[in-house]
Amino acid sequence: MSAAVAPQPAIDNPWLNAQRQFDEAAELLELDPALRCVLREVRREFTVRFPVKLDSGHVQMFEGYRVQHNLTRGPAKGGIRFHPQVSLDEVKALAMWMTWKCALVDIPYGGAKGGVIVDPAQLTHRELERLTRRFASEISVLVGPDSDIPAPDVNTTAEIMAWIMDTISMEAGYSIPAVVTGKPLEIGGSEGRPSATGRGVTVVALETCRRLGRDPAATTVAVQGFGNVGGVAARLLTEAGFRVCAVSDASGAIYDPGGLDIAAVLEHHTRNRTVAGFPGAEQLTNAALLELPVDMLVPAALENQITAGNAARIKASLIVEAANGPTTTDADHILEKRGVVVVPDILANAGGVTVSYFEWVQDLQSFFWEEAEINQRLERIMRRAFAQMCGRSDEHHVSLRMGAYLVAVQRVAAATTVRGIYP
Ligand code: GLU
């Protein structure tokens, strides 16, 4: 197969995309105009510029953000990403999506997100630690176990969460494990957290197959992204009986129409830090992966992957959004017209924040649960949210995304109404 590169789509602004999704839901809900203008803006946006001493002795300035979209239902919650393309508008969108995600799975949080404009691959391990600690210190005016709880996101790991926890704790003079989730087990992390997002994706994929009367064993899958979400999803989807035919990472995609040996791909990835070059598979671009003739597509990388530029050429009839914001609103409308079922990000990838919630609860109580209990509770929450989303979607004859938004926005709107506008 030729590695055809999709024409470059127009640059989509994720924040405008997020606001358009909200506006559509607000319209369907006939939301009160006052609530509309409160919920379509972010509550706080915080920009920091800070120096980091490089190993060479030189000092480099970095820019980072922490945005809190909403705190009505509880402390703000959301990850921190390290990526060269981070922007304030991207972080605002991701913060708003966290609000809806937490409301949809009904955990007592608002939404936040953070990011630093940096390519962590260009830093040494020590430089990465200094950057993380300085950024944690800069945003410490906002974060805390009762106010705003960060977690991993794109290019941030359990080790980075440990540095954040340590920095905040050192500044306080005592350990505050509940200030961040996705930590290592040794300092109050939770069993099942590293695989939680991928596990949630799998639960949702199975539920969707059940709803559509499809057999997972007869369902071929392409997964875009092979990080903590895509890699785990590929493994668990395979264990659940799906046939994963294509996976990718930033350096490219691999494809075998007969199905990939995911255990072998994971080994190859551990050895070479990329899936590219996996023996016996066709090598493709990420753009080509999205257009493969598979039944189910799992975008598990960055936003704006499925756009008006390529939506008409997507062959999968089912898309499970493991990434945040992989589909633009224009693409959404094209896919809907074509009858493609899109399981929205705010449900599909909510497994991560759900187990983050379990981690936070365990930290606050200093009482830890076994992995079997975590996974069982996670599945229960994901299935409940899936059923509520489908219920609203069927009732209003709207897409699953709008079904999910109706549930989520209504919960946040109801909480805002009972609290009232201060003062
Ligand atoms: N970064 C993940 C997300 O986008 C997890 C956030 C969290 O656990 O707080 O949902």
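Whatever order the structure lists them in is the order used to number ligands and atoms, beginning at 1. Bear in mind the structure is a predicted one, so any value in this text is a computation, not a measurement.
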Original post:
Between E45 and Y65, is any side-chain donor less than 3.5 angstrom from a side-chain acceptor?
Top reply: no
Subject >> Centroid separation W163 to H125 less than 6.0 Å >> reply: yes
Original post:
Got a sec: does the CZ of R126 have more than 12 other heavy atoms crowding it under 6.0 Å?
Top reply: no
Original post:
Mind checking whether R81 has a heavy atom under 4.0 Å from ligand 1?
Top reply: no
**OP:** Could you establish whether R193 and ligand 1 come within less than 4.0 Å of each other, counting only heavy atoms on the residue side?
**Re:** yes
Proximal ligand 1 atoms for [X], defined as those under 4.0 Å from one of its heavy atoms:
{"X": "K113", "answer": "1 (N), 3 (C), 4 (O)"}
{"X": "M98", "answer": "3 (C), 4 (O), 6 (C), 10 (O)"}
{"X": "G78", "answer": "9 (O)"}

Original post:
Hey, is L94 touching ligand 1 through its side chain, its backbone, both or neither, going by heavy atoms under 4.0 Å?
Top reply: neither
Original post:
Who's closest to atom 1 (N) of ligand 1 heavy-atom-wise, of I107, N228, I346, D153?
Top reply: D153
Which residue and non-hydrogen atom of the protein lie closest to [atom], and at what distance in Å?
{"atom": "atom 8 (O) of ligand 1", "result": "S356 OG, 2.5 Å"}
{"atom": "atom 7 (C) of ligand 1", "result": "A151 CB, 3.3 Å"}
{"atom": "atom 9 (O) of ligand 1", "result": "K77 NZ, 2.8 Å"}
{"atom": "atom 3 (C) of ligand 1", "result": "K101 NZ, 3.3 Å"}

Using distance only, find each side-chain donor-acceptor pair of residues 381-391 under 3.5 Å and give its atom names and separation, not counting sequence neighbours.
from, atom 1, to, atom 2, distance (Å)
R383, NE, E207, OE2, 3.0
R383, NH2, E379, OE1, 3.1
R384, NH2, V105, O, 3.1
Q388, OE1, R411, NH2, 3.0

Subject >> Verdict with reasoning, S317 to R214, per side chain to side chain donor-acceptor pair (under 3.5 Å) >> reply: CA-CA 11 Å; S317 53; R214 291 191 192 187; 2.7 Å; yes
For residues 108-118, please give each side-chain donor-acceptor pair under 3.5 Å, one per line with the distance, not counting sequence neighbours.
from, atom 1, to, atom 2, distance (Å)
K113, NZ, D153, OD1, 3.0

Subject >> Distance-only N or O hit between ligand 1 and P152, under 3.5 Å >> reply: yes
Subject >> Charged tip of R377 within 45° of W369 ring normal and under 6.0 Å >> reply: yes
Subject >> Cationic N near anionic O, under 4.0 Å, E129 to R134 >> reply: no
